Enquirer: 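First the structure, then my questions, so here it is.
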Number of protein chains: 2
Amino acid sequence: MTTAQGARERARNEVTAAIKEEARRQLAAEGAAKLSLRAVARELGMVSSALYRYFPSRDELLTALIIDAYDALGAAAERARDTAGDAAPVPRFTAVCEAVRTWALAHPHEYALIYGSPVPGYAAPETTVPAAARTGMVLIGIFRDARRGPGLAELPLPAELRPEAERLAADLAPDLPAEVAAALVAVWAQLFGLVSFELFGQFNNVIEDRERFFRHAVTGLARGAGLR
Amino acid sequence: MTTAQGARERARNEVTAAIKEEARRQLAAEGAAKLSLRAVARELGMVSSALYRYFPSRDELLTALIIDAYDALGAAAERARDTAGDAAPVPRFTAVCEAVRTWALAHPHEYALIYGSPVPGYAAPETTVPAAARTGMVLIGIFRDARRGPGLAELPLPAELRPEAERLAADLAPDLPAEVAAALVAVWAQLFGLVSFELFGQFNNVIEDRERFFRHAVTGLARGAGLR
DNA sequence: ACACAAAAAAGAGCAGTGCTCTTGCAATGG
DNA sequence: CCATTGCAAGAGCACTGCTCTTTTTTGTGT
């Protein structure tokens, strides 16, 4: 049994959760750079050193928040995919993209935490990989579905990139052709380029109607990657 | 006369330059988060408070570095454009893209400073705008040149986005059609999406042959935006 | 050549940070 | 019931950005 394993364990889990909750509050309010162990402890009515019983370092706490952020974004993407139901590939794709953008706009600091500049000296541990992959999986799924039916056009693939693309396909989606896998990864990076530029202020004084622009851009992205 | 305007002024400029130089060294070595005024001062053999005569705050020093980084990237892009000479639009475009990527890989922390997550509470002042625009100008120039000659295909533009695209064209490149301006901005964001993903580690364990992948992706980008 | 004002540097200090180590207390389980 | 174990607290270290005051340097006009 994993519940009811002693009051001690239970209390520990509760305190851990409270710390993460307060940390997430501070993250949303001020950003990762201003997330302070001491402030979290203060808010929770404990002394800073006590926190180290729960998280061995500030970075470890950040890692926990990173995983949560990846999961929240992945869940938002999955929800959009499910809502889009059995629409055509392009609208399904754009629906997921818009969900990503909407989540990012609603949680800018958490987005910056996972897709912004990495903290120097901090390497994301393996633990984050599954959570990080969730959103990508949703995109892969859309391309996979598009292959059944007439929804996927032919794509060029230069010979010099074929080995890499084959490897990519084998790793990510063994049932997809190499050129689709390559296009998929490019689309993935470009999607987050659009979101990051908007969120990180590069569109300030450049683009006004960002929602419409985004919709147009991701439609182009979908078409460019062969979705029909 | 602006030179030889008193030894005092001259000394001031020299110290300012030395501070920026040392700061850039530390930035390259450890990243923006670990850039410390005290450490810079220490390295220069002065006391930390003396630095405030030259830069009113750490953020102001960062701003100076940001402008330098934008300028260096812009210069790299311009060099690539000039080297590409009168090649066809697509190779000229990819040459500039590869120059951007190469510069970013060579100066990861400076890249992160300008295209990574913004420092919370820090808004880039107007001063950075001209430097920031340089790289974009290079891309605009390529599209402009492509219009003379057969190098630019027709692009779709949804009616709902036309007003925004017209405004965009008027602001950025009055001699380009609205749909080209819109595509340009999207390409711009997507290019930096590719570079950021590689630099920020999202391609770890995903893409091996990053150079070839990048070349393929930006070629697709160019085609998608109408270059031929 | 010298005195003076302006500029620069130094020093002390404040409030904050992450993190470590020791000490004391209290709940748990044999 | 009491030893063990888990946890919180406190003090302290080495930092950070930044301010304010005092001292020193330095270019220049008389």
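Computed from a prediction, not measured in an experiment: that's the story for all the values here.
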Enquirer: Rounded to the nearest Å, what distance is computed from the CD atom of residue A/Glu9 to the C1' atom of nucleotide D/dT5?
Expert: 13 Å
Enquirer: Report the distance from atom CD of A/Glu30 to atom C1' of C/dT17, rounded to the nearest whole Å.
Expert: 15 Å
Enquirer: Select base, sugar-phosphate, or nothing to describe what A/Leu44 touches, counting heavy atoms under 4.0 Å on all strands.
Expert: nothing
Enquirer: Pick base, sugar-phosphate or nothing for A/Ser57, based on heavy-atom distances below 4.0 Å to the nucleic acid.
Expert: sugar-phosphate
Enquirer: If you look at every strand shown and take non-hydrogen atoms under 4.0 Å, does A/Leu51 touch a base, only sugar-phosphate, or nothing?
Expert: nothing
Enquirer: Figure out the NZ/C1' separation between B/Lys34 and D/dC15, and round it to whole Å.
Expert: 12 Å
Enquirer: Please give, in whole Å, the distance from C/dT28 C1' to A/Arg10 CZ?
Expert: 14 Å
Enquirer: Whole-Å distance between C/dT17 P and A/Leu35 CG?
Expert: 11 Å
Enquirer: On DNA chain C, does the nearest nucleotide to A/Ala39 precede the nearest nucleotide to A/Pro56 from the 5' side, or the other way round? Give the residue.
Expert: A/Ala39
Enquirer: What integer distance in Å separates A/Tyr52:OH from C/dC19:C1'?
Expert: 4 Å
Enquirer: Whole-Å distance between D/dC15 P and B/Glu43 CD?
Expert: 13 Å
Enquirer: Keeping to residues at least two apart or across chains, list the salt bridge (charged side-chain N to carboxylate O under 4.0 Å, His left out) pairs with something in residues 95-113 of chain A.
Expert: A/Glu98-A/Arg215, A/Arg101-A/Glu198
Enquirer: Listing request: all side chain to side chain donor-acceptor pair (under 3.5 Å) pairs with a residue in residues 187-196 of chain B, at least two apart in sequence or in separate chains.
Expert: B/Tyr111-B/Ser196
Enquirer: Between the side-chain atoms of A/Arg38 and the base atoms of C/dG16, is any donor-acceptor pair under 3.5 Å?
Expert: no
Enquirer: Just checking, any donor-acceptor pair under 3.5 angstrom between side chains of A/Thr219 and A/Thr94?
Expert: no
Enquirer: Would you mind listing every ring pair (Phe, Tyr, Trp, His ring centres under 6.0 Å) that reaches into residues 27-78 of chain A, with sequence neighbours excluded?
Expert: A/Tyr70-A/Tyr115
Enquirer: If you count every heavy atom of other residues, nucleotides or ligands that lies below 6.0 Å from B/Asn205 atom CG, does the total exceed 12?
Expert: no
Enquirer: For residues 127-136 of chain B, pull every pair meeting salt bridge (charged side-chain N to carboxylate O under 4.0 Å, His left out), keeping only residues two or more places apart or in separate chains.
Expert: B/Asp71-B/Arg134, B/Glu78-B/Arg134
Enquirer: Find the distance A/Arg58:CZ to D/dT16:P and express it as a whole number of Å.
Expert: 16 Å
Enquirer: At under 4.0 Å between heavy atoms, which parts of nucleotides 5-10 of chain C does protein reach? Answer with one letter per nucleotide, 5' to 3': B base, S sugar-phosphate only, - none.
Expert: --BBBB
Enquirer: Any salt bridge (charged side-chain N to carboxylate O under 4.0 Å, His left out) pairs touching residues 41-58 of chain B, not counting sequence neighbours?
Expert: none
Enquirer: Does B/Ser36 put a side-chain nitrogen or oxygen below 4.0 Å from OP1 or OP2 of D/dC15?
Expert: no
